[in-house]
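For reference, the structure is listed below as structure tokens.
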Amino acid sequence: MQPSRYENLTAAQAIAYQHELRRQIDLTPLNKPIQTIGGADISFNKYSEVVYAGIVLFNYPELKVIGTATAISKTKFPYISGLLAFREVPALVEAWNKLEIKPDLMVLDGQGIAHERRTGIATHFGLITNTPAIGSAKSRLTGRYDEPGNKPFDQSPMYDNGEVIGIALRSKINCNPIYISPGHRVSMGQSVDIIKNCIRGYRIPEPIRQAHLLVNKIRIEDGDNNNRQINLFDYNHRLPY
DNA sequence: GCGACAG
DNA sequence: ATCTTGTCGC
């Protein structure tokens, strides 16, 4: 199935495809040393079908930026919890195809196997690009866990159906944890170790943080002004008139 | 039926 | 996700 055709799928068909992808997941430990790593993210205006995708490449473990790639695309697939990949992966793959050199591993903003069908966006992206990938989410989708301690790198396993599907990691003191899970071709332990090395003073791991800054930048540069939106703040200030 | 629900 | 200011806590 080509990502460019995802928007033609119904939710039921997308779920059927996830069941198909699930069988192909490989969580064998990555045996090759990591020299390059990439972070990916998407930005968009909620009143527009335009999505801005970006990937930032770094050398590893230093995390010095060595390249970027972006793509401005459109999607009609709505955001549906559990089907995020069908909305965001097409644009990400467009950016991916523009990369001169592909990284040894990718970090995606969302879940890996910490998903009801074990097919979060990191797993999905890793499978269709045949690239080791890790999911790092800012909130939980599924799974039960005890709140990790409040010290940096305190962690707590996430369970679903008796299996460990991810790790809630305290990336920064006094901040909510982030949720780490392997996506494809990397183990649970390696995923946590790699993400820990990508934490550089902020709650969000550097690859994703930089990708987020990049996509927001290109969205503003593209002139997001044309996509009119009335938020509560503006609305209240216009009431007198 | 009810509550939960990545971005 | 995205909009925006102020404010609280470390």
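Side-chain atoms are counted along with the backbone in the values below, which use heavy atoms only and exclude waters and symmetry mates. Just so we're on the same page: letters track the sequence lines, and every chain starts at 1.
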Any stems for DNA chain C, made of 3 or more Watson-Crick or G-U pairs in a row, each with both distances under 3.5 Å?
none

note: A:R219, atom CZ; B:dG7, atom C1'; distance rounded to Å ~ 13 Å

Distance-only polar pair, side chains of A:Y60 and A:D104, donor-acceptor under 3.5 Å:
no

Any heavy-atom pair between the side chains of A:H115 and A:Q18 that's under 4.5 Å?
yes

Measure CG/A:L83 against C1'/C:dA1 and give the value in whole Å, please.
16 Å

Please list every stem that involves DNA chain B, where a stem is a run of 3 or more consecutive Watson-Crick or G-U wobble pairs with both pairing distances under 3.5 Å.
none

Closest heavy-atom pair, A:L108 versus A:A40, reported as atoms and distance to 0.1 Å, is CD1-CB, 3.9 Å

Report yes if some heavy atom in the side chain of A:V164 is under 4.5 Å from a heavy atom in the side chain of A:M188; otherwise report no.
yes

Just compare B:dG7, C:dT2, B:dA6 and give me whichever is closest to any side-chain atom of A:K138.
B:dG7

Tightest non-hydrogen contact, residues A:K172 and A:G201, listed as NZ-O, 3.6 Å

Atom CD of residue position A:Q13 - does it have more than 12 heavy atoms of other residues, nucleotides or ligands inside 6.0 Å?
yes

How long is the line joining CG of A:D109 and C1' of B:dA6, in whole Å?
8 Å

Examine B:dA6: is either OP1 or OP2 under 4.0 Å from a nitrogen or oxygen in the side chain of A:R118? Give yes or no.
no

In this structure, how many angstroms lie between the C1' atom of B:dA6 and the CD atom of A:Q111, rounded?
5 Å

How long is the line joining CG of A:L92 and P of B:dG7, in whole Å?
14 Å

Distance check: side-chain N/O of A:N216 vs OP1/OP2 of C:dT2, anything under 4.0 Å?
yes

Over how many whole Å does the gap from A:I180 atom CD1 to B:dA6 atom C1' extend?
13 Å

Does atom CD (A:E100) have a neighbourhood of more than 12 heavy atoms from anything else shown, all under 6.0 Å?
no

Are the side chains of A:I204 and A:S171 in contact, using a 4.5 Å heavy-atom criterion?
no

Name of the residue among A:T131, A:N130, A:T123, A:T129 meeting side-chain contact (heavy atoms from CB on, under 4.5 Å) with A:L127:
A:T123

Is any side-chain heavy atom of A:I55 closer than 4.5 Å to one of A:M106?
yes

Would you indicate, yes or no, if B:dG7 has its OP1 or OP2 atom less than 4.0 angstrom from a side-chain nitrogen or oxygen of A:H124?
no

Would you give me the side-chain donor-acceptor pairs under 3.5 Å for residues 74-99 of chain A, sequence neighbours excluded?
residue	atom	partner	partner atom	Å
A:T75	OG1	A:F77	N	3.1
A:R87	NH1	A:F77	O	3.0
A:E94	OE2	A:S73	OG	3.0
A:N97	ND2	A:V93	O	3.3
A:K98	NZ	A:T70	O	2.9

Considering every strand and a 4.0 Å limit on heavy-atom distances, what is the contact class for A:G135: base, sugar-phosphate, or nothing?
nothing

What does the list of N/O pairs under 3.5 Å between the protein and nucleotides 6-10 of chain C look like, with a distance for each?
none

Rounding to a whole Å, what distance do you find between A:E49:CD and C:dT2:P?
17 Å

Measure NE2/A:H115 against P/B:dG7 and give the value in whole Å, please.
12 Å

Provide a list of protein-nucleic acid N or O atom pairs under 3.5 angstrom, restricted to nucleotides 1-5 of chain B.
residue	atom	partner	partner atom	Å
B:dC5	OP1	A:R140	NH2	3.1
B:dC5	O3'	A:S81	OG	3.4

Who passes salt bridge (Lys or Arg N to Asp or Glu O under 4.0 Å) against A:R170, sequence neighbours left out?
A:E147

Heavy atoms of A:H184 and A:Q24 approach each other most closely as CE1-O, 3.5 Å

Decide if atom CG of A:D146 counts as having more than 12 heavy atoms of other residues, nucleotides or ligands within a radius under 6.0 Å.
no

